[in-house]
Amino acid sequence: MTEPSPPPTSTASAAASQEPIPESVPLTAEHLLTNRHPEPAGGWRRFLWRLSGGRINPAESAAELERRTLIGQAQIPVASGHHRIAVMSLKGGVGKTTTTAALGNTLASLRGDRVIAIDANPDRGTLGLKVKAETAATIRTFLAEAPHIARYADARAFTSQSPARLEVLASDSDPAVSEAFNAEDYRTVAKLIERYYSICITDCGTGLLHGAMGATLELADQVVLVTMVAVDGASAAAATLDWLTAHGHADLVKNAIVVLNAVEKKTDVDIDLLERHFTTRCRAVIRVPYDPHLKEGAEVDLVRLRPATRAAYLRLSAAAGMGFAKPSRGQHQFRDSHRLGDPRPLGDPLQ
């Protein structure tokens, strides 16, 4: 009795068996459960979802998909454990401090780790006005008590926290009692902040030549440059990038984010040309529209912002988040500045 012949193996199936097996889909609730689609955020999709008691859940719109992508980018873990963002401008009155507060609030509202904004103005700063004060402590008292700060609770006693969970370390608001904030002061604060917070956003003083700016740039992992949509503001912003490149910070320029702030619908300035110019020099350009809530100059409340403004700050947070996965630039600079000092000369960026 003859043995049955084995079934023929096709060439296609044999070839398929030799191909590498693709990476499998993660066996998580998000992928396995068909009822885990997020509820619509608004519009007719949310109306239909609510009307049907949640039984009908239309596919997400392109705008909502983009929003979820941006949120994911803003939530990228900080690979180095600590990330420093310097928010700067050469001109005053362009919304630098407001941008610091809005960026910080947006990141803090989306992330689970700690986000802090510190006022590194060399004299009187206004960052403390952007959050409801919970303490009279300032960066000066923080420095004075630095030897006694040994845990997060000690550091938290010097900060005020917004509803979005952003913590703010303010400077003295009275110019009569404020003292100059220099480079060594900033390094001391930065070293302490690094222990207890994942992200530190520094509201830099106006200009580039004051004492704390050198240390701020040495330790920064990325820079956010704020400018108004105006000829003098754009020229100053371009000069700032030139100055940074000339003084050894070309990597910061390449990775910088430029914020075109308080953009109005009707303007004689060619905003597209302005955006193209900075796009060729920096990593991202974000337009933030004019918003009456920010014009008040008081506490920054994300809930009171217009939807277009909130969307702009989400794009800014996502752009910043794209840098969180990179190794910390500041760690290497921190060691070098302490060992060798800073030999680079300073000069006026507009000369």
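For clarity, every value in this text was computed on a predicted model and none was experimentally measured.
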Exercise: identify the closest heavy-atom pair between [X] and [Y]:
X: G128; Y: A170; result: CA-CB, 3.7 Å
X: A144; Y: P147; result: O-CD, 3.8 Å
X: A318; Y: Q73; result: CB-OE1, 3.4 Å
X: V269; Y: A230; result: CG2-CA, 4.3 Å
X: V259; Y: V288; result: CG1-CG2, 3.7 Å
X: A325; Y: A79; result: O-CB, 3.4 Å

Discussion item. Let's go through D242 and R281 carefully: what are the C-alpha distance in whole Å and the side-chain angles of both, what is the deciding distance for side-chain contact (heavy atoms from CB on, under 4.5 Å) to 0.1 Å, and is it a yes or a no?
Written reply: CA-CA 10 Å; D242 293 338; R281 306 188 64 180; 2.6 Å; yes
Do [X] and [Y] share a hydrophobic cluster (ILVMFWY, side-chain heavy atoms under 4.5 Å, transitive)?
X: I76; Y: V115; answer: yes
X: L169; Y: L103; answer: no
X: V131; Y: L127; answer: yes
X: V229; Y: L225; answer: yes
X: L110; Y: L305; answer: no

Atom pair [atom1]/[atom2] of [X] and [Y] - distance to nearest 0.5 Å:
X: Y313; Y: T106; atom1: OH; atom2: OG1; value: 8.0 Å
X: F142; Y: I149; atom1: CZ; atom2: CD1; value: 4.0 Å
X: E275; Y: C282; atom1: CD; atom2: SG; value: 11.5 Å
X: L252; Y: L244; atom1: CG; atom2: CG; value: 7.0 Å
X: I199; Y: S317; atom1: CD1; atom2: OG; value: 9.0 Å
X: K326; Y: D221; atom1: NZ; atom2: CG; value: 10.5 Å

Does the side chain of [X] reach to within under 4.5 Å of the side chain of [Y], using non-hydrogen atoms?
X: L107; Y: I201; result: yes
X: E145; Y: F158; result: yes
X: C200; Y: I118; result: yes
X: V226; Y: V87; result: yes
X: H249; Y: T245; result: no
X: L316; Y: I257; result: yes
X: L166; Y: I116; result: no
X: E299; Y: L129; result: no

Using only atom types and a distance under 3.5 Å, with no angle test, would you say the side chain of [X] pairs donor to acceptor with the backbone of [Y]?
X: S171; Y: G125; result: yes
X: R156; Y: T159; result: yes
X: R165; Y: D113; result: yes
X: D154; Y: A150; result: yes
X: D291; Y: R306; result: yes
X: T267; Y: V263; result: no
X: R329; Y: A220; result: yes
X: H247; Y: W243; result: yes
X: T141; Y: A137; result: no
X: N261; Y: T227; result: no

Discussion item. The test is side-chain contact (heavy atoms from CB on, under 4.5 Å); show your working for V78 and R111 and say whether it passes.
Written reply: CA-CA 11 Å; V78 177; R111 302 179 60 87; 3.6 Å; yes
Practice prompt. Apply the test side chain to side chain donor-acceptor pair (under 3.5 Å) to residues Q222 and R84: give CA-CA distance (whole Å), side-chain angles for both, the deciding distance (0.1 Å), then the verdict.
Written response: CA-CA 7 Å; Q222 60 178 306; R84 299 183 181 93; over 6 Å; no
Fill in: No-hydrogen, no-angle side-chain donor-acceptor test under 3.5 Å, Y186 and T202
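Yes, because at least one side-chain N or O of Y186 sits under 3.5 Å from a partner of the opposite role on T202.
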Discussion item. Can you see whether S160 engages E134 through a side-chain donor-acceptor pair at a distance of less than 3.5 angstrom?
Written reply: no
Worksheet entry | Aromatic Y152 / basic R114 pairing, under 6.0 angstrom, 45° off normal |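 Because its charged atom sits under 6.0 Å from the ring centre and within 45° of the axis, R114 does stack over Y152.
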Item to complete: Applying side-chain contact (heavy atoms from CB on, under 4.5 Å), run through T309 and Y290 and close with a yes or a no.
Response: CA-CA 8 Å; T309 310; Y290 169 84; over 6 Å; no
Practice prompt. Look at atom CZ of R50 and say whether more than 12 heavy atoms of other residues, nucleotides or ligands are closer to it than 6.0 Å.
Written response: no
Fill in: side-chain contact (heavy atoms from CB on, under 4.5 Å) assessment of M88 paired with V223
CA-CA 7 Å; M88 57 190 299; V223 161; 3.5 Å; yes
Worksheet item: Excluding sequence neighbours, so at least two apart, what forms salt bridge (charged side-chain N to carboxylate O under 4.0 Å, His left out) with D268?
Response: none
Worksheet item: What residues form a salt bridge (charged side-chain N to carboxylate O under 4.0 Å, His left out) with R310, not counting sequence neighbours?
Response: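 Here no residue qualifies.
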Discussion item. Given T97, which partner from the list D203, N121, T206 fulfils the side chain to side chain donor-acceptor pair (under 3.5 Å) test?
Written reply: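 Only one of D203, N121, T206 forms a side chain to side chain donor-acceptor pair (under 3.5 Å) with T97, namely D203.
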Discussion item. Under a 4.0 Å threshold between the charged nitrogen and the carboxylate oxygen, would K91 count as salt-bridged to D232?
Written reply: yes
Discussion item. What verdict does the salt bridge (charged side-chain N to carboxylate O under 4.0 Å, His left out) test give for R187 and E184, after you've listed the backbone C-alpha separation in whole Å, the side-chain angles of each residue and the deciding distance to 0.1 Å?
Written reply: CA-CA 5 Å; R187 291 189 182 100; E184 197 55 40; 3.4 Å; yes
